[in-house]
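A short worksheet on the structure shown next.
As the structure is a computational prediction, the values presented were derived from the model and not from experiment. Read the numbers this way: they start at 1 and go in the same order the structure lists the ligands and their atoms. The first residue in the sequence is number 1, and the count goes up from there.
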Amino acid sequence: MRVVFINPPSGLERDFYEIPLNIAYLIACSRARHVPVEFEVIDMELYAGKDPWEHLEARGTANEVGVIAAPLYTYSLDACLRAVAKMKTWHPRAVSIVGGPHATLAPQEMIRHPAVDVLVTGEGDIAFVDVLEAILAGPSNVDDQLSKVDGIAVKRDGKVSIKPRRSLIKDLDQLPLATGGYDCFDLSEVRRLPNFVPVMATRGCPYQCTFCSSSDLWQHRIHFRSPANIRQELEEIVALGFRVVNFRDDMFSIRRQRTIELCDVTSELGLVWGCETRADCVDEELLQIMVDGGLCTIRFGIETFHQKSLDLLKKQEKVEELIQALELCGKVGVPEVRCSFMIGIPGETEEDVKETFKIVRSFPFTTNRFWAFTPVVGTEAFVKMDELGLQWLVDPKEKKATHSIIKTREMSNDQINRLVQQAHLEFGHPLTKPHRDLQAAPRILAARDHVAPDCSGSVAAAKATAN
Ligand code: B12
Ligand code: SF4
C-alpha cells in the first residue's frame, strides 16, 4: 500500500523551507514498527517556487494511493484541506488521515470536513502507525480495528466519534530518529537552499501563555531527549553532509546543565546552530558556552516591553529580564539575535507600542519581527475574546499573521495595522529573507574551514564554492 504525505504550501518564501519534522517522525515511526507500506512525500512547500498545485497533480495522479496523510496548520488550513480534497477526488477509495496543530486544537470541526476520514490528535508517532495497521487489516475489519485506536477521531457514514487525546510520550528516546524518514525528501534540492536541518531536543512547554497554541498542544508539559540520543541524530545529520541545525524546541535552554552537555556535543561535531528560548533561561556564562558550542542564532519571543501586557499574556517574565538577556547577547557577541513582538495585545495603547519600538531601537544588533496579535483557536485569548475586549472584524478563517483582523478596546483595527506597517517599514517584514534564521551560519562555517562562504550551510557545498 502506498501512503502519500502532503507537505502543504505555507505561502512563505522558498528560502524558509525546512524538512517537516512531523512527517519525518511519522515515517520513521512506521518503519520502526515494520508497517508494510511504501511512503511518498508530495512536498508542495519545497516546490512552492514553481507551482505547488501542478506539482500535487503531477505526483498525486502518478500512482495508486491507499492513504493520504497531511498535517493541518491554522495559518495554511485552506491550502492543507484543499490539497487533501484534490487527492481524494483522484483516489476516492483512499483513506485520508490528518493530524498536527490545527487538527489537535479543533478536532470537532476538522473531522467533519468532507475530505477527512481519520483525524489524529496530539503526538502522532504511535497513533498514526496504529491507524495504518488498522487500515491494513482490510475494508471489512477497518472500522473494528480503528475503534480500538486511542487518540483519534473517525467519521463513518456521516457519524463522528472523537476519542480523548493520548497522554504525551514521556520517554522521547524510545522514538526512532527523525532522520529515519529523510530519504523521502528531496535532500539534493534541500541542499541547494540557504538552509539548515531542524532538530527537536525536547517537546513541549511548561508555560501557559494565553496567546500561544503550545499551552494546549503540549498540556503545559515538556519532555526531554537525552543528549546521547540527540547526538545520534546529529551524527546522522553530519553524515548527510549538513553542519547547520536549527533546534526547534519551544525553549531550548530550560535546563542549564543539559544545555551545557548539548553544547559539548555540538562543539565536538563542529555544528553551527540556532535555537529559541526564553529570556529568563539564559545568563552570561551559559550564553558564552552556547556561542563556543556553535550557537549562531538565538530567538526570543519578547512580545512587548510593556509589563502590564506581559502579565496579561501570562508570560511570567519581567521587562528587566528581557532587556538583560538582550544586553548579555550583545556583550557575549551572539552572531544573530532575533526577537519577535506582537501588536494589538489587549490593554496596549498606541503609546505602549511606541515605547516598545523605542526600546527595540536601543538594540541595534537584533533582528525584530512584528506580528499582529491574533487569537488562535485553542488558546485562552481565543476563548476569552469578549472578556479581553477583542472583536473580530472578518471571519477568523481569513487570518494572516502579519495583518490584524481584530480591534481591541484600546485600538481600532486601522490603528493596529498602521503600527504593524510602521514596524515592518522600520524593522522589516517578518516573512522576508532578512528574517530567515541562521544567515550568519555559512560565514561562521567558512571562517572555521577557511573556505569561501556559500549559502547552503553544508560542508560539501561550501568546499565546492571554494574550488
Ligand atoms: C518549524 C516550525 C515552523 C517552520 C516550518 C514548519 C514545517 N512545515 O515544518 C516555519 C518557520 C516555516 C514555520 C512557520 C510558521 N509557523 Co511554525 N512552527 C514550527 C515549530 C517551531 C516546530 C514544528 C515541528 O517540527 N515540531 C516537531 C514535531 C515533531 O511536532 P509537531 O509538528 O507538533 O508534530 C506532531 C503532532 O502534531 C502530530 N502531527 C503533525 N502532523 C501530522 C500529520 C498527520 C497525518 C498525523 C497523523 C499527525 C501529525 O504528530 C507529530 C509527531 O508527534 C512549531 C512549534 C513546535 N514546537 O512544534 C511552530 C508552529 C507549528 N508554527 C506555528 C505558527 C503560528 C507559524 C507561523 C504563523 C509563524 C509564526 N508566527 O510563528 C508560520 C506559519 C506559516 C504558514 N502560513 O503556515 C504554530 C502553529 C499553530 C497552529 N495552530 O497551527 C506552532 C505550533 C507554534 C506555536 N506554538 O504557536 N513554522
Ligand atoms: S509563548 Fe513560549 S513560553 Fe509561552 S506557552 Fe508558548 S512556547 Fe511556551
Side-chain angles (χ1 to χ4, degrees), residues 3 5-13 15-26 28-29 43 45-46 67-77 79-80 84 96-106 116 118-132 151-152 166 168-169 172 175 178 198-200 202-218 220 222 246-251 254 276-278 280-281 299-301 303 313-317 340 342 369 371-372 374 376-380 382 399-402 430-431 435-437:
V3 178
F5 270 99
I6 299 168
N7 187 26
S10 66
L12 300 182
E13 282 192 35
D15 279 359
F16 281 81
Y17 178 86
E18 58 187 81
I19 296 168
L21 277 178
N22 47 359
I23 296 179
Y25 267 111
L26 298 179
C29 288
D43 204 334
E45 182 73 348
L46 188 56
V67 169
I68 304 153
L72 300 184
Y73 302 101
T74 306
Y75 284 89
S76 52
L77 190 59
C80 302
V84 177
S96 64
I97 312 174
V98 298
H102 197 85
T104 303
L105 299 168
V116 174
V118 182
L119 178 149
V120 173
T121 50
E123 289 171 295
D125 313 80
I126 300 168
F128 175 70
V129 189
D130 289 350
V131 172
L132 285 187
I152 64 167
R166 288 179 183 227
L168 295 168
I169 301 166
L172 294 175
L175 291 177
V199 174
M200 287 296 267
T202 60
R203 280 188 187 181
C205 168
Y207 289 86
Q208 310 187 20
C209 303
T210 56
F211 61 93
C212 175
S213 314
S214 281
S215 305
D216 185 336
L217 290 172
W218 301 103
H220 323 134
I222 181 163
N246 207 1
F247 288 103
R248 279 315 198 165
D249 314 37
D250 283 336
M251 64 190 63
I254 189 167
E276 173 137 356
T277 195
R278 278 171 57 102
D280 56 1
C281 290
R299 296 179 297 274
F300 295 109
E303 324 312 349
L313 298 171
K314 300 193 180 157
K315 281 284 289 189
Q316 299 190 43
E317 277 178 315
S340 131
M342 296 188 299
R369 306 194 297 172
W371 307 93
T374 310
V376 182
V377 65
T379 61
E380 189 179 323
F382 187 87
K399 68 181 122 334
K400 288 198 172 69
T402 52
L431 298 179
H435 287 91
R436 188 174 52 74
D437 283 345

(message) Below 4.0 Å from ligand 1: does a non-hydrogen atom of G11 turn up there or not?
(response) no

(message) Only heavy atoms of C205, strictly under 4.0 Å: list the atoms of ligand 2 that pass.
(response) 3 (S), 5 (S), 7 (S), 8 (Fe)

(message) Among all protein heavy atoms in this structure, tell me which lies nearest to atom 6 (Fe) of ligand 2, with the distance rounded to 0.1 Å.
(response) C212 SG, 2.4 Å

(message) Can you name the atoms of ligand 1, numbered from 1 with element, that are less than 4.0 Å from a heavy atom of S76?
(response) 78 (O)

(request) Show which atoms of ligand 2 fall inside a sub-4.0 Å distance from at least one heavy-atom site of S215. (result) 5 (S)

(message) For K314, state whether at least one heavy atom is located under 4.0 Å from any atom of ligand 2.
(response) no

(message) Under 4.0 Å, counting heavy atoms only: does C205 come that close to any atom of ligand 1?
(response) no

(message) With heavy-atom distances below 4.0 Å as the criterion, list the atoms of ligand 1 near D125.
(response) 52 (C), 53 (O)

(request) Report, in ascending order of atom number, the atoms of ligand 1 lying under 4.0 Å from any heavy atom of V376. (result) 83 (N)

(request) Please could you name the atoms of ligand 1 that F128 approaches to less than 4.0 Å, counting only its heavy atoms? (result) 47 (C)

(message) At less than 4.0 angstrom from any non-hydrogen atom of A70, what atoms of ligand 1 do you find?
(response) 43 (C), 44 (C), 45 (C)

(message) Any atom of ligand 2 sitting under 4.0 Å from a heavy atom of G301?
(response) no

(request) Can you sort out which atoms of ligand 1 are near E123, meaning under 4.0 Å from one of its heavy atoms? (result) 50 (O), 53 (O)

(message) Please tell me if atom 4 (Fe) of ligand 2 is touched by the protein, where touching means a protein heavy-atom distance below 4.0 Å.
(response) yes

(message) So if I count the atoms of ligand 1 from 1 in the order they appear, which ones are less than 4.0 Å from some heavy atom of G124?
(response) 38 (C), 50 (O), 51 (C), 52 (C), 53 (O)

(request) Please determine if R436 and E13 form a salt bridge, counting it only when a charged side-chain N lies under 4.0 Å from a carboxylate O. (result) no

